[in-house]
Each structure stands twice: as structure tokens, then as C-alpha cells.
Amino acid sequence: MSRQDTILYLREDADNRQKELAQTLGRQRALLHEIQNKLQLLENYLAQYREQAVAAEQAGILSAQAMEMRSFIAQLEQVLKLQRENLQHQQQQVRWLQGEWAAARGRGKGLASLAQRLENEQRNQALRKMQKDLDEWAMRSSALRVGRVFCL
């Protein structure tokens, strides 16, 4: 495999990795958004149940019912805590994926630049060879003409 083929293969691989990471990052961001929405919904429910519990206690509900409401609120708070932890985990995951995507993008750009440089180098070598061949041909051709002049 030539140097150029190797670079092109690595570039294609980096481009594919970047695309995969972009898709994964998109899915992860959608999941993060969903988790944020659920967290907001749970926070709203908790606020409503707290208001209802305070209103019910002020209205004088039975202590057994008040205990049940407090227990339910405590369970909601526990679910909220878990949801916040999940949100933090998803945020970390998104940040990590963004870093991985940026690194893959950088690798792809670097390899693209390297491939372009190699192509330019090969083109310049070909041009130098053509110029050398033309110079040699011109020298031989002029030497032949000069030789003919001396022969006459």
C-alpha cells in the first residue's frame, strides 16, 4: 500500500468515525433533552404535591392521610434525586462525546491536509520531471542542430 493510499484510508476511517460520533452525539443530546424534560415534569409534580399537602394539613386532614402524602412526597424526592444523577451522567456523556467528535474531526482535517500536501508534492515532482525531460530533449535537439552545422 502506498503512502498516499494509507493516508486516504486513514482519512476515510477518520471521516467515518466522525460521522458515527456525530450520530451518537445527536442521539445522546436527544436523550439528554428528554431527561431534562422529565426532570422538569417531576419537579412540577413535587411542587404541586407539596402545596396540596400543606393545604390538606391546614384543612385538618387525618394524620394517616398526612403521613401517606409525606411518604409519597419523599418517594418523589428520591425519584427526583435519581433523575438529577441521571441528568448529570448524561451531561458528562454528551461532553465526552463532543470531545471525541472534535478530536475525530481534527484528525480528519489533519489527514485531509496531509493528503493534499502529498498530492501537491507528487504533482510538483511530476512537473519537475517533465521540465527535466524537456530540458534534456532541448539540449539534445540543440546539440544535434549544432552538430549538423559543423558537418556542413
Side-chain angles (χ1 to χ4, degrees), residues 1-140:
M1 189 181 269
S2 74
R3 189 170 138 193
Q4 186 172 14
D5 290 340
T6 302
I7 291 171
L8 291 175
Y9 171 78
L10 291 173
R11 180 182 175 197
E12 185 178 315
D13 188 52
D15 287 345
N16 288 338
R17 175 77 173 138
Q18 179 187 351
K19 287 175 188 173
E20 289 172 9
L21 284 168
Q23 290 172 346
T24 303
L25 180 58
R27 287 190 300 269
Q28 202 67 33
R29 282 180 176 162
L31 180 60
L32 177 63
H33 185 68
E34 183 181 324
I35 290 170
Q36 288 170 328
N37 288 341
K38 286 181 181 178
L39 180 63
Q40 185 62 49
L41 189 64
L42 285 171
E43 287 172 343
N44 291 343
Y45 283 148
L46 180 61
Q48 288 174 2
Y49 283 114
R50 281 183 177 155
E51 287 175 14
Q52 288 175 3
V54 168
E57 286 177 4
Q58 288 175 350
I61 63 168
L62 300 174
S63 65
Q65 290 175 326
M67 294 284 281
E68 284 178 18
M69 286 186 88
R70 287 185 192 142
S71 174
F72 181 71
I73 289 171
Q75 288 175 349
L76 258 180
E77 288 171 341
Q78 196 62 22
V79 169
L80 263 170
K81 179 183 175 194
L82 292 173
Q83 192 70 4
R84 285 186 185 112
E85 289 171 2
N86 190 20
L87 177 66
Q88 288 176 346
H89 173 73
Q90 292 304 321
Q91 288 170 332
Q92 288 173 342
Q93 190 70 15
V94 165
R95 283 191 297 273
W96 179 81
L97 282 168
Q98 284 173 329
E100 288 294 305
W101 174 80
R105 185 172 180 231
R107 275 191 299 277
K109 284 185 173 186
L111 287 167
S113 175
L114 185 59
Q116 184 63 48
R117 225 177 309 141
L118 183 59
E119 185 180 315
N120 290 342
E121 181 182 308
Q122 289 174 341
R123 188 179 314 114
N124 289 338
Q125 284 176 350
L127 288 172
R128 283 192 300 271
K129 184 181 180 327
M130 283 194 297
Q131 185 63 48
K132 180 183 172 190
D133 291 345
L134 283 172
D135 290 345
E136 288 175 1
W137 179 80
M139 287 183 72
R140 275 184 289 181

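Here the structure is a predicted model, which means the values were calculated and not measured.
Surrounding CD of Glu12 are at most 12 heavy atoms belonging to other residues, nucleotides or ligands under 6.0 Å away.
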- [ ] Just do the side-chain hydrogen bond (donor to acceptor under 3.5 Å, both in side chains) check on Gln48 and Asn44 with the steps written out, would you?
- [x] CA-CA 6 Å; Gln48 288 174 2; Asn44 291 343; over 6 Å; no

TODO: In sequence, state the C-alpha distance, the side-chain angles, and the governing distance for Gln78 and Lys81, and then conclude on side-chain contact (heavy atoms from CB on, under 4.5 Å).
DONE: CA-CA 5 Å; Gln78 196 62 22; Lys81 179 183 175 194; 4.3 Å; yes

Open item on the list: Between Arg84 and Glu43, is the side-chain contact (heavy atoms from CB on, under 4.5 Å) condition met? List the steps.
Closed with: CA-CA 10 Å; Arg84 285 186 185 112; Glu43 287 172 343; 3.1 Å; yes

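How far CD of Glu119 is from CG of Leu114: 12.0 Å, rounded to the nearest 0.5 Å. Interatomic distance, Ile35 CD1 to Glu85 CD, rounded to the nearest 0.5 Å: 12.5 Å. We find the OG-CD distance between Ser2 and Gln122 to be 7.5 Å, quoted to the nearest 0.5 Å. Atom CZ of Arg11 and atom CD of Gln4 lie 11.0 Å apart (nearest 0.5 Å). In this structure, CG in Asn37 is found 9.5 Å from CG in Leu32, a value given to the nearest 0.5 Å. Distance check: Gln98 CD to Leu21 CG gives 11.5 Å after rounding to the nearest 0.5 Å.
Applying the ring pair (Phe, Tyr, Trp, His ring centres under 6.0 Å) rule to pairs touching residues 75-113 yields nothing, sequence neighbours excluded. Listed by first then second residue, pairs satisfying ring pair (Phe, Tyr, Trp, His ring centres under 6.0 Å) with a partner in residues 48-70 read Tyr49-Phe72, not counting sequence neighbours.
Judged by distance alone, the side chain of Ser113 and the main-chain N or O of Lys109 form no donor-acceptor pair under 3.5 Å.
Between Ile7 and Leu111, the shortest heavy-atom distance links the atoms CG2-O, 3.8 Å. Shortest non-hydrogen contact noted between Ala104 and Arg17 is CB-CG, 4.2 Å. Listed here is the closest heavy atom pair of Val94 and Leu25: O-CD1, 3.7 Å.
With a 4.5 Å cut-off on side-chain heavy atoms, Thr6 and Leu10 count as touching. Using a 4.5 Å cut-off on side-chain heavy atoms (C-beta onward), Met67 and Ser71 make no contact. Side chains of Glu34 and Lys38 form a contact here, defined as non-hydrogen atoms less than 4.5 Å apart. The side-chain heavy atoms of Gln91 and Gln36, taken from C-beta on, include a pair separated by under 4.5 Å. Taking the side chain as every heavy atom from C-beta outward, Leu80 and Leu76 never approach each other to under 4.5 Å. Residues Gln92 and Arg95 are in side-chain contact: their nearest non-hydrogen atoms beyond the backbone lie under 4.5 Å apart.
By the side-chain hydrogen bond (donor to acceptor under 3.5 Å, both in side chains) test, Gln90 pairs with Gln28, sequence neighbours left out. Take Glu136 and apply the side-chain contact (heavy atoms from CB on, under 4.5 Å) test, not counting sequence neighbours, and it matches Lys132, Asp133, Arg140. Legend: residues meeting salt bridge (Lys or Arg N to Asp or Glu O under 4.0 Å) with Arg107, ordered by chain and number and at least two apart, are absent. Residues forming a side-chain hydrogen bond (donor to acceptor under 3.5 Å, both in side chains) with Arg117 (at least two apart in sequence, or on another chain): none.
Using a 4.0 Å cut-off between charged side-chain N and carboxylate O, Arg70 and Glu57 make a salt bridge.
Residues Arg27 and Thr24 bring a donor and an acceptor atom of their side chains to less than 3.5 Å of each other. Inspection of the Asp135 and Gln131 side chains reveals an N or O donor paired with an N or O acceptor under 3.5 Å. A side-chain N or O of Asn120 and one of Gln116 form a donor-acceptor pair less than 3.5 Å apart.
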